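No experiment lies behind these values; they were computed from the predicted model shown.
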Protein chains: 4
Amino acid sequence: MSNIIGNYVGGSTVKLNGGALQDVFNPSTGEVSGQVQLSTSEDLDEVVEVAKGAVSEWSRTPVGMRAQVMFRFKRLLEENADRIASTISSEHGKTHDDALGEVTRGLEAVDFACGIPHLMKGTFSEQVARSIDMYSIPQALGVVAGITPFNFPAMVPMWMFPNAIACGNTFILKPSERDPSVSLIIADLFKQAGLPDGVFNVIQGDKVVVDAILDHPDIAAVSFVGSTPVAKYIYSRGASSGKRVQALGGAKNHMVIMPDANMDQVVDALMGAGYGSAGERCMAVAVPVPVGKQVADNLMDRMVPLVEELPVGPPDDSKAAMGPIITRQSLERITSLLQSGVDQGAALLVDGRDLTVPGFEKGFFIGGSLFDQVKPEMDIYKEEIFGPVLSTVRADDYEDAINLIHGNPHGNGVAIFTRDGDAARDFASRIEVGMVGINVPIPVPVGYHSFGGWKQSLFGTHHIYGPETIHFYTRLKAITSRWPAGIKSGAQYNFPTMN
Amino acid sequence: MSNIIGNYVGGSTVKLNGGALQDVFNPSTGEVSGQVQLSTSEDLDEVVEVAKGAVSEWSRTPVGMRAQVMFRFKRLLEENADRIASTISSEHGKTHDDALGEVTRGLEAVDFACGIPHLMKGTFSEQVARSIDMYSIPQALGVVAGITPFNFPAMVPMWMFPNAIACGNTFILKPSERDPSVSLIIADLFKQAGLPDGVFNVIQGDKVVVDAILDHPDIAAVSFVGSTPVAKYIYSRGASSGKRVQALGGAKNHMVIMPDANMDQVVDALMGAGYGSAGERCMAVAVPVPVGKQVADNLMDRMVPLVEELPVGPPDDSKAAMGPIITRQSLERITSLLQSGVDQGAALLVDGRDLTVPGFEKGFFIGGSLFDQVKPEMDIYKEEIFGPVLSTVRADDYEDAINLIHGNPHGNGVAIFTRDGDAARDFASRIEVGMVGINVPIPVPVGYHSFGGWKQSLFGTHHIYGPETIHFYTRLKAITSRWPAGIKSGAQYNFPTMN
Amino acid sequence: MSNIIGNYVGGSTVKLNGGALQDVFNPSTGEVSGQVQLSTSEDLDEVVEVAKGAVSEWSRTPVGMRAQVMFRFKRLLEENADRIASTISSEHGKTHDDALGEVTRGLEAVDFACGIPHLMKGTFSEQVARSIDMYSIPQALGVVAGITPFNFPAMVPMWMFPNAIACGNTFILKPSERDPSVSLIIADLFKQAGLPDGVFNVIQGDKVVVDAILDHPDIAAVSFVGSTPVAKYIYSRGASSGKRVQALGGAKNHMVIMPDANMDQVVDALMGAGYGSAGERCMAVAVPVPVGKQVADNLMDRMVPLVEELPVGPPDDSKAAMGPIITRQSLERITSLLQSGVDQGAALLVDGRDLTVPGFEKGFFIGGSLFDQVKPEMDIYKEEIFGPVLSTVRADDYEDAINLIHGNPHGNGVAIFTRDGDAARDFASRIEVGMVGINVPIPVPVGYHSFGGWKQSLFGTHHIYGPETIHFYTRLKAITSRWPAGIKSGAQYNFPTMN
Amino acid sequence: MSNIIGNYVGGSTVKLNGGALQDVFNPSTGEVSGQVQLSTSEDLDEVVEVAKGAVSEWSRTPVGMRAQVMFRFKRLLEENADRIASTISSEHGKTHDDALGEVTRGLEAVDFACGIPHLMKGTFSEQVARSIDMYSIPQALGVVAGITPFNFPAMVPMWMFPNAIACGNTFILKPSERDPSVSLIIADLFKQAGLPDGVFNVIQGDKVVVDAILDHPDIAAVSFVGSTPVAKYIYSRGASSGKRVQALGGAKNHMVIMPDANMDQVVDALMGAGYGSAGERCMAVAVPVPVGKQVADNLMDRMVPLVEELPVGPPDDSKAAMGPIITRQSLERITSLLQSGVDQGAALLVDGRDLTVPGFEKGFFIGGSLFDQVKPEMDIYKEEIFGPVLSTVRADDYEDAINLIHGNPHGNGVAIFTRDGDAARDFASRIEVGMVGINVPIPVPVGYHSFGGWKQSLFGTHHIYGPETIHFYTRLKAITSRWPAGIKSGAQYNFPTMN
C-alpha cells in the first residue's frame with residue numbers, strides 16, 4: 001500500500017517521522033484505499049512552529065491583498081470541483097452529485113471571505129471627549145485550528161479556514177482520519193492561489209493530536225464540528241488552556257407537519273432530508289412529527305412505498321439516491337439501533353437491513369428505514385442514529401409538538417411545514433433551536449449568515465461561518481487617542497523641546 | 001473612417017438610426033481614430049425600454065447568483081486589463097501604467113460588489129410589540145443611469161455600475177464622447193460573465209442624451225462625475241423630474257506642507273499628484289501650501305529642477321511620466337490660464353508651454369508648469385485648470401492654511417504633510433473637505449470605503465462606490481407583520497371559516 | 001387678540017418686526033384662538049445667522065454630551081405630554097388620546113437619538129496598504145431645516161430634529177401655520193434640557209418662508225412632509241440651490257382583504273385606520289380592496305352600521321372617536337369630493353355630510369363616509385381626500401389587487417389581511433410601496449426603523465427618522481493616513497530636522 | 001451588629017436561612033460596618049429558580065418596553081448617585097469624587113442599553129434562492145450571572161447587567177463580599193424603574209457560591225472580573241458545564257514615555273493613573289517606561305516631590321487624592337512587595353510605608369511609593385501589586401519598550417506618550433494589548449465601545465460592555481423560509497384541502 005496520506009506543513013506535504021498509520025477505506029467496496037498518518041504531539045509542535053512563524057507577515061499583509069488570495073482560491077476550487085467531489089466520494093461514499101453539492105456549499109464561505117476588507121472594519125468615534133478620539137479594530141488572533149468530522153470532509157473545513165485565514169490568522173486543519181485526502185487537495189489549491197507557505201497547514205491524526213491541539217499554548221482558538229460528547233470535551237479542555245473554542249455537536253432534528261401543510265412538499269422534503277447522504281448529516285431530519293392522526297396516517301401511507309423503493313448504490317451509480325455508510329462499525333451501530341426500536345415497541349414500517357448492492361457486496365450499505373409510533377423514551381429517539389432512518393413521533397397538537405422538541409437535549413435544526421403565517425411565526429420565534437426551516441427541511445444558512453445550534457448542539461458563543469466567524473477569529477483592540485498641542489499652534493515651527 | 005462607436009443595448013452593439021457622428025481623437029497624434037454616435041432622445045427611449053424590460057427578472061434573481069456574475073466579471077476584467085488599458089490610452093492619452101492603474105482601482109468596486117449578499121441585508125426586529133415583528137429590506141430601484149467623464153473612462157463607470165447592477169438594478173452608461181470605446185469592451189466582458197441582456201447598456205452621445213436621461217420618467221437614479229457647473233445642473237434637473245441624483249463636481253485640491261514634514265516624501269508626492277495623468281484628475285493636487293517661508297523656499301528649490309525635467313510622451317513611451325492633454329481645446333485653455341497667471345503676477349518658475357514631443361508634433365502635449373507666489377484672487381487659483389500645473393500659495397502659519405482651504409468653494413480632496421499627531425488630527429477633524437490625506441497626496445478611498453467631496457465638489461447625499469453606493473442604489477421597504485391566531489391554536493385542524 | 005405666536009430664535013421667543021399675522025383657529029369651535037407671525041425672508045436670514053453661529057460649538061460638543069441633552073429632553077417631553085397633547089388638540093382638533101399617541105410616537109425618535117454615540121460611529125480599516133490606514137467618519141452638515149404639516153404638529157417635527165440635532169447640526173423648524181403653538185413648547189423644553197441657545201429654532205410662516213429656506217445658501221439640508229405636489233416642488237427647488245432634500249408627499253393607502261382574512265380584525269382595522277384622526281393621516285387607509293364578491297359583500301354589510309354610528313366630537317369628549325377637520329376650506333373640499341363620488345357613480349353607503357355636533361355648531365365637523373363600487377378613474381380614488389372617507393374598490397382576485405395598487409402613483413403605505421404565509425410574502429416582496437402591513441393597517445415603522453414611501457410619496461434618497469436620518473443629517477469624511485518614520489526608529493531622540 | 005447584608009431575590013431583600021456571616025469593614029477606620037451573608041449552593045438554587053421563572057415573560061416583553069425600564073433606571077441612578085457613591089466609599093475607601101466617577105462611568109453602560117432596540121436587530125436576506133428568504137435574529141440566553149470584584153462595586157456590575165437585562169435575560173449578581181451593600185441599592189432602584197421581580201437578583205457570598213454558579217445547569221452565561229488566576233479558573237470551570245464565559249483577569253499596565261512627550265502631561269498622567277484609587281484599578285498604570293536616560297532622569301526628578309506630597313485620607317477628606325487599601329491583608333501584601341523590591345535591588349525613591357492619617361490610625365492606609373531601576377525579573381514587576389506603587393523600568397529605545405511589554409503575560413491596558421504620529425500608529429497597531437492609550441494613561445473605552453484585555457487579562461471571546469456585550473448575551477437563531485403556493489394563486493378562495 002503506497003498511498004500514505006501525510007501532513008501538509010509550510011507549503012508542502014510531508015511524511016513526518018514515526019507516526020503510526022491507520023487504514024482508510026472505500027466504503028462502497030469495503031476495501032482499504034490508503035493509510036493516514038497518525039501524528040504525534042511532537043508532529044503538532046512542528047506544525048505550530050511553522051504556523052506561528054507565518055503569522056506576523058500574513059496578519060500584516062494588507063487586507064485587500066489577503067482578499068485577492070481568496071478570489072483566486074475560489075476560482076481554483078470551482079475548476080477542481082469535480083476532482084474534489086470524486087475524492088470525497090471515494091473515501092466517504094456519498095453520491096457524486098451530493099459531493100459536488102458539498103463543495104458548492106463550502107464555496108459560499110470562500111465567497112464570503114472575499115469580502116473581508118469590508119467585514120474587518122473597525123469602528124471610529126470622533127470626539128468622545130474634547131479632543132479625544134476612540135476606535136476599536138479587530139486584529140487576527142495568531143494560530144488557530146480546526147478539527148473536522150468525516151461527513152463533510154470539504155465543506156466543514158471550509159466553514160472554518162477561509163474566514164480564519166482571511167482575517168489574518170494562520171490555520172491548522174485536523175481532518176477526519178476516515179476521509180483525509182481532500183484536505184491535501186485544498187492545501188495544494190491554496191498554494192496555487194498564492195497563499196504564503198505556513199498559513200494553511202494540515203495535520204493528520206486521531207485523539208492524540210486533538211488533545212495536543214487543545215493543550216498547545218500557542219494555538220489561540222479551536223473550531224470543532226462532531227458529536228455532542230466530543231464537542232463538550234473539546235470545549236472544556238480547550239477552555240482549560242485558555243483558548244477560544246466553538247464546538248458544534250450532534251443533533252436530532254424534528255420536522256413538524258401541520259394539517260395544512262402541502263403534503264407533496266412534505267414527502268419530498270422528508271425523503272431528501274431523511275435519506276440524503278445516508279442520513280449522515282447533522283442537519284438531516286431524524287424525527288418527522290405529524291400533528292394529528294389524519295396527517296400521520298396520510299404521511300405514513302405516502303412514505304412507505306417511497307422508502308421501500310429508495311435507490312442505494314455506489315457514488316458513480318447515477319440512479320442512486322444514497323451511498324454506503326462510512327464504516328462497518330457505524331453500519332453495525334445503525335443496525336443495532338434499528339433492532340432496539342423494534343424491541344422497544346416502535347413500528348418499523350420499512351426495514352432497510354440486509355440490503356445487498358450487486359457488485360458491492362462488501363460495501364457498507366444499508367437501505368432506508370422508516371419507523372412510526374416512536375416514543376421519546378426509546379433509544380432510536382434518544383440517540384443520534386446518523387443513518388438513513390426516520391423515527392416518526394406523532395403529536396396530538398401543535399403545543400404537543402413544541403413540547404417534544406423542547407424536551408430534546410439537542411437544538412441544532414428544526415422545520416415546520418404549514419401554510420399558516422401565525423403557526424410559522426410562533427414556531428420560529430419560540431422554538432429553542434438554532435436553525436429553523438419554514439417549509440424548508442434542511443435550513444442550513446447561506447454562507448453570508450451563520451450556522452449553529454443551541455443547547456447540546458453547540459458549545460461556545462459563536463455560530464460558524466458568516467459574520468459570526470469574523471468575530472470569533474479576531475480580537476478587538478480599543479485605542480483612545482489625544483494629542484498635546486504641537487507644531488500647529490502658531491508661529492513656532494521648531495519642534496518644542498522637552499519641558 | 002469605418003470605426004463607428006455605437007450603443008450597446010440588450011446584449012449587443014447597435015448602430016442606431018440617424019444619430020449624428022462626432023470625431024474621436026488620439027491625443028498623442030492629434031489624429032481622428034473613430035467616430036462616436038451622438039444618440040437622440042428617441043434612441044434613449046429605446047434603451048430605457050430594454051433596460052426596463054430586464055428589471056423584473058434581474059432584481060428577483062437571487063442575490064447570490066448576482067454575485068457570481070460579478071466574480072466572473074472580475075476575472076474577465078483582470079484577464080483583459082492590458083487590452084482595456086491600451087484602449088484607454090489610445091483615446092485618452094495617459095501612460096499605459098497609469099491606464100492599468102485606473103483599471104486596478106476600478107476593479108476594487110467590482111470586488112466590493114462581489115460581497116453584495118452581505119451588503120444587501122436588511123434588518124429584522126422581533127417583537128416590536130406583542131406578536132408584531134418589523135423588518136426593513138433594501139430593494140433595487142429599477143433602471144439607473146451613469147454619466148461619466150473623459151478622464152477615467154474605465155474607473156469612473158466602475159464606481160457606478162458594478163454595485164448598481166449587483167443591487168438588482170439595470171444600468172445605462174453614458175460615457176464621455178471623448179473616449180467612448182472602453183465602454184463597449186466592458187459591456188462585452190459583462191455578457192461573457194453571464195450578465196443577462198439588457199442589464200448593462202451603453203448609450204453614446206452628448207448633452208442631448210444627458211438631458212434625455214435627466215428627464216426620463218423611467219430612470220430612477222442618476223450618478224454623475226464631471227465639472228462643478230455641470231454637476232450642479234445635473235443635480236437640479238434630475239431632481240426636477242423626481243430622481244435620485246449624486247453629482248460629483250470639480251476640485252481644487254490643496255496640499256499643506258508643515259515645517260516638520262519629511263521633504264523627500266513631500267516632493268515625491270507633489271510630483272506624482274500634480275503631474276500624473278497630466279493633472280487631469282479630480283484628485284490631483286493643484287495647490288501646494290507650504291507653511292512658513294523656510295519651507296516654501298526649500299520646496300521651490302527642490303521642485304524646479306524636477307518639473308523642468310519631467311518626461312512627457314505618448315502612452316507607449318515607457319519613460320514618459322505623463323502624456324498629452326485630452327483635446328486641443330483643453331490644451332489651449334490651459335495655455336491661456338498659464339498666461340493669466342503670469343499676467344496677474346504669479347511667479348511662473350517652470351513654464352511647460354511650447355513643449356514638442358519628437359514624432360508627435362501634432363499631439364496635444366504640454367510640459368509641467370510650476371507657479372509660486374499665487375494669490376487666491378488669481379484665475380489660476382480660482383479655476384480648476386485640469387492640467388499639469390501646480391499653483392503654490394504660501395501660508396504664514398497653520399491657521400492661515402486652514403483659512404485658505406475653507407475659503408475655496410471646492411471640498412474634494414486635501415492633504416497635510418506632517419509628523420505631528422496633533423496637527424494631523426486637528427486638520428483631519430476640522431477641515432471642510434470630504435477626502436483627507438495625512439502624508440498621502442491623493443487620498444482616494446479604497447473600494448470598500450466611499451469617495452466624495454464636500455461643498456461644490458458633490459451635489460446629493462451620497463458619496464460614490466463602497467457602502468454609500470448600496471444605499472444610493474436601493475430603496476428601503478419596511479414591513480410590519482402580525483398574524484391572527486390560526487391553525488396552531490389547538491385541536492381544530494380545519495381552516496377557520498370566514499367569521 | 002393677544003395670543004401672538006412668534007418665532008423662537010437663539011433660546012427665546014421673539015416677536016419679529018413687521019411680519020403679517022394670520023389667524024389660527026380652534027376647529028372644534030370655529031373660533032380664532034391666536035395669530036401666527038408670517039415671517040419674511042429677512043426674518044429667516046436672522047434665524048439662519050443664529051443657527052449658523054451655534055454650529056461650531058455644538059457639532060464639536062462630545063457626542064456623549066449631546067446624547068445627555070436628548071435623555072433630559074425625553075424626560076421633559078414625558079412629563080409635559082399632557083400639556084402638549086392639549087395644545088395639539090386645541091389647534092388641530094384631534095382627540096386627546098390621539099394627540100397623546102402622537103407625542104408617544106414622536107418620542108420614539110428621541111429615544112433613538114439618545115443612542116447617537118453608537119449610531120455616529122465611523123469605520124476604520126487598518127493597513128489598507130503597507131503602513132496606511134483609512135477611516136470614514138460622519139460629521140454634522142451645519143444648519144438644517146424642517147418644514148412640517150398640520151396633521152402631526154408634534155410627531156412629524158420629532159421625526160426630524162432630535163436626530164438632526166443629536167448628529168451635531170443646528171435646526172430651524174418651520175411648523176404649519178395651522179397649529180404652530182406646540183413648536184414653542186418643544187423649544188422651551190429643549191432649553192430646559194440644556195440645549196445651547198441657537199441649536200433649535202422655530203420660524204413661523206407660510207410659503208414665503210418656505211421659499212426662503214429652500215433658497216438660503218447656508219442651509220445644508222431640508223426635510224419636508226406634506227402633499228405630493230408641494231413635496232415635488234420642495235425637492236426640485238431645494239436641489240436647485242444644491243441642498244440635500246428629503247420630501248415626503250401624499251398617499252392613497254390600500255388595504256387588501258383576502259378571503260381567508262380574520263374579518264373581525266379587518267373591520268376593526270378599517271374603522272381605526274380609515275376614520276381615526278378624521279382620516280387626516282398620510283398613513284390612513286383610504287381604499288379597502290376586498291378580494292372577491294363574497295368578501296366585499298360581507299365587509300360592506302359589517303362596516304355600514306359601524307360607520308353610521310361613528311362618534312364624532314371635540315377633543316375633550318371622551319366618547320368621540322374623531323374630531324373636526326382642520327379648516328373650513330378642507331371641510332368644504334371633502335364635501336365636494338364626496339359629491340363627486342356620487343356624481344361619478346360610486347355607491348355612497350354612508351354619507352357623513354351635514355353632521356352637527358351639539359354645542360359645536362360652528363366647528364368644522366363631518367361624519368364618517370363609506371363608498372363602495374369605486375373605480376380607479378373617479379376623483380375620490382385619484383385624489384388624496386384627507387378626510388374620514390373610505391373608498392372601496394373591489395378586486396376580482398389577488399393579481400387584480402396588486403395591479404390596482406401598482407397603477408396608483410403613490411406608494412406610501414399598504415396592507416394585506418390574510419392568514420396565508422405565501423400571500424403575505426409575495427405581497428410584501430413584490431408590492432411597490434414603501435411601508436407594508438401584514439394584518440397591520442397602519443404600518444408606521446417603530447422609531448428605530450425608518451419611515452418612507454415610494455414613487456410619488458417620497459422625493460429624495462432617504463426615509464425619515466431611524467437609521468436613515470443619521471445618514472441624511474451627516475456627511476462622510478474619508479481619511480487616509482500614513483506616517484514618515486520618525487522618533488521611534490532607534491537611538492536618535494532629537495526630532496529629525498527638515499531634510 | 002444589626003446590619004446584615006442579604007440577598008435580593010424576586011423583587012425583595014431576603015435574609016436566607018443558615019448561611020454564615022462575614023464581616024464587612026470600613027477601611028478608613030478599620031471598623032466592622034456590617035455583615036454579609038455567605039450563601040450556600042441551596043440558596044443559589046432558589047435564586048436560579050426565581051430568575052428562571054422570570055425569563056419567559058421578560059424575554060418576550062417588547063424590546064422597546066425593556067428599553068423604557070433602562071431609561072427610568074438611568075434617571076434613578078443619576079438622582080441617587082451621591083448616595084451610591086457614599087456607600088461605595090464607606091466600604092471601599094475611595095474618595096467621594098472617585099466613587100462618583102465610578103457611578104458616572106457605570107452609567108455609560110446603562111445609556112448604551114437604552115439603545116437596545118437598535119442594537120438587537122437581526123439581519124434579513126430576501127430571496128436567497130427563488131422564493132426563499134433567510135433571517136438571523138438574536139434572542140436572549142435565559143439566566144445569566146455576573147461575579148464582580150471589590151474595586152468597582154458599582155461600575156463593574158454595570159458593565160454586565162444593564163445590557164444583559166436589556167437583551168431579555170434575567171440576571172444574578174454575585175458582588176464582592178468586601179463591599180456588597182451597593183448591589184442592594186441598585187436592585188431597589190431597578191424595581192422602582194419598573195423592572196419585573198425576578199429579573200435582577202443578588203446573591204451574596206464567597207467561593208462556595210461562585211462554584212455553585214459555575215456548575216449550575218440553568219445558568220447560561222457567566223461574566224467575571226477579577227484576578228488572572230481566578231479568571232482562568234472561572235473560564236475553565238464554567239466551560240466544563242457548557243456555559244458561555246467571559247472572564248477578565250489582572251493587569252500590569254505599562255506607560256511608555258517617548259523623548260518627545262509633553263512632560264507636563266506625562267507627570268500628571270502618571271500621578272493620576274498610578275495613585276488614583278490607591279492603585280486598586282485594573283487599568284492603573286503600574287510600570288512607567290521612560291525611553292532613554294534623559295527622559296528617565298527628568299521624569300524621576302519631577303515625580304519624587306509629587307509622590308512625597310501625595311495627600312492621603314478618608315473619603316470625606318476633600319483634599320485627599322486617595323484613600324485607604326481595601327483590607328488589612330491587602331495592605332500587608334503591598335508592604336511586603338515593597339520590601340521585596342528593595343531587597344531585590346530596585347531603587348525605592350519614595351517609600352509610602354508607615355504613613356499615619358491622624359484620626360484614622362486604624363485605617364488601612366499607605367502612602368504613594370515610587371520605584372526606579374526596576375527589572376523584569378523582580379517580584380514588584382511580575383506581581384500585580386494593586387496598590388499605590390509605580391515601578392519604573394527604563395528602556396533603551398522604542399523597540400526595547402515594545403519587547404518589555406510583549407514579554408509580560410498580561411495585556412490589559414497600555415499607553416504611549418509622544419507627539420509623533422508614526423510612533424503612535426506603530427505602537428497602537430503592533431502592541432499586543434487590548435486597550436491602548438495615545439497620550440491617555442487610562443484608556444478605558446467609552447460605554448459604546450467595549451472593554452477588554454488580551455493574553456492573560458481576558459479569557460473568552462468577548463470584551464465587556466458595549467457592542468460586544470450584546471453578542472455575548474444573545475444567541476442567534478437563523479430562519480429559512482419558503483411558502484407553498486396558496487390562496488393568492490387565482491380564483492380558488494377556499495383554502496386548499498390536504499393533498
Search all heavy atoms of C:Thr123 against all heavy atoms of A:Lys121 and return the closest pair with its distance.
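The answer is CB-CD, 3.8 Å.
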Which heavy atom of A:Pro117 sits nearest a heavy atom of C:Ser125, and at what distance?
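Scanning both residues completely, I find the closest heavy atoms to be O-OG, 4.4 Å.
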Gap separating the CG atom of A:Asp133 from the CZ atom of C:Phe124, nearest 0.5 angstrom
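Here the rounded value is 10.5 Å.
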How long is the gap from CG on C:Asp420 to CG on A:Asp422, to the nearest 0.5 Å?
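C:Asp420 atom CG to A:Asp422 atom CG measures 12.5 Å (nearest 0.5 Å).
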Flag side-chain contact, heavy atom, 4.5 Å: A:Glu126 against C:Val63:
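Of all side-chain heavy-atom pairs linking C:Val63 with A:Glu126, none is under 4.5 Å.
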Under 4.5 Å between any side-chain heavy atoms of C:Pro62 and A:Arg130, yes or no?
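A side-chain contact exists here, since the closest heavy-atom pair is under 4.5 Å.
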Chain A contact via C:Thr61 - side chain, backbone, both or neither, heavy atoms under 4.5 Å
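Answer is both: backbone and side chain atoms of C:Thr61 are under 4.5 Å from chain A.
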Region of C:Arg425 that comes under 4.5 Å of a non-hydrogen atom in chain A:
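No part of C:Arg425 comes within 4.5 Å of chain A.
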Counting heavy-atom pairs under 4.5 Å with chain C, which one of A:Gly421, A:Pro138, A:Ala424, A:Gly122 comes out on top?
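Answer, by heavy-atom pair count under 4.5 Å with chain C: A:Gly122.
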Test your reading of the model: is there a side-chain donor-acceptor pair from A:Gln127 to the backbone of C:Arg60, 3.5 Å cut-off?
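The answer is yes, because a donor-acceptor pair under 3.5 Å joins these two groups.
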